[in-house]
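Written below as structure tokens is the structure these notes are about.
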Amino acid sequence: MRTSLSTSQGMSTLKIVIMYSVLGMILNWLLPIVLLKMNPEMFEEDAQYFGTLGAIVITGFFLIVSLLKRLILRSRSHKKQSESRQQDT
């Protein structure tokens with residue numbers, strides 16, 4: 001029995017999730033610094049909060065768009081394959 005990660009689709013999804021996890025960690029580190037540079041009067045805790053919130057929102061948005069894009073492309077390719085099979089018979 002195959003697990004979902006043993007397929008190429010599962011490995012591709014895993015790579016996307018890992019890539020965006022790393023992006024989220026980098027944003028979580030950079031955004032508070034940028035916020036403090038832009039607004040020096042802001043408390044460090046507030047900058048950390050808003051930076052973390054921003055990193056979650058940005059990363060989540062890109063992750064969902066990427067996974068939906070891949071799902072749509074896969075659906076279209078399956079549809080084209082089934083249409084070509086019907087024309088062959």
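Numbers for residues simply follow the sequence, beginning at 1.
- When all heavy atoms are compared, the tightest approach of Ala55 to Leu27 is CB-CB, 3.7 Å.
- Under the side chain to side chain contact (heavy atoms under 4.5 Å, CB included) test applied with Ser66, the options Ile16, Leu71, Thr13, Val17 reduce to a single match, Ile16.
- Leu31 and Leu53 fall into different hydrophobic clusters, where Ile, Leu, Val, Met, Phe, Trp and Tyr side chains are chained together by heavy-atom contacts under 4.5 Å.
- Cluster annotation: Leu23 and Val57 are assigned to distinct hydrophobic clusters (Ile/Leu/Val/Met/Phe/Trp/Tyr, side-chain heavy-atom contacts under 4.5 Å, transitive).
- The side chain to side chain contact (heavy atoms under 4.5 Å, CB included) with Asn28 is formed by just one residue from the set Thr59, Ile56, Thr52; it is Thr52.
- One hydrophobic cluster, built from ILVMFWY side chains closer than 4.5 Å, holds both Ile26 and Ile33.
- Clustering ILVMFWY residues whenever any of their side-chain heavy atoms sit less than 4.5 angstrom apart, transitively, puts Met19 in the very cluster that holds Ile58.
- The minimum heavy-atom distance linking Leu36 with Met42 is given by the pair CD2-O, 3.5 Å.
- To the nearest 0.5 Å, atom CZ of residue Phe43 and atom CD of residue Glu41 are 10.5 Å apart.
- Residues Val65 and Phe62 share a hydrophobic cluster, clusters being chains of Ile/Leu/Val/Met/Phe/Trp/Tyr side chains in contact below 4.5 Å.
- Expressed to the nearest 0.5 Å, how far OG of Ser21 lies from CD1 of Ile18 amounts to 7.0 Å.
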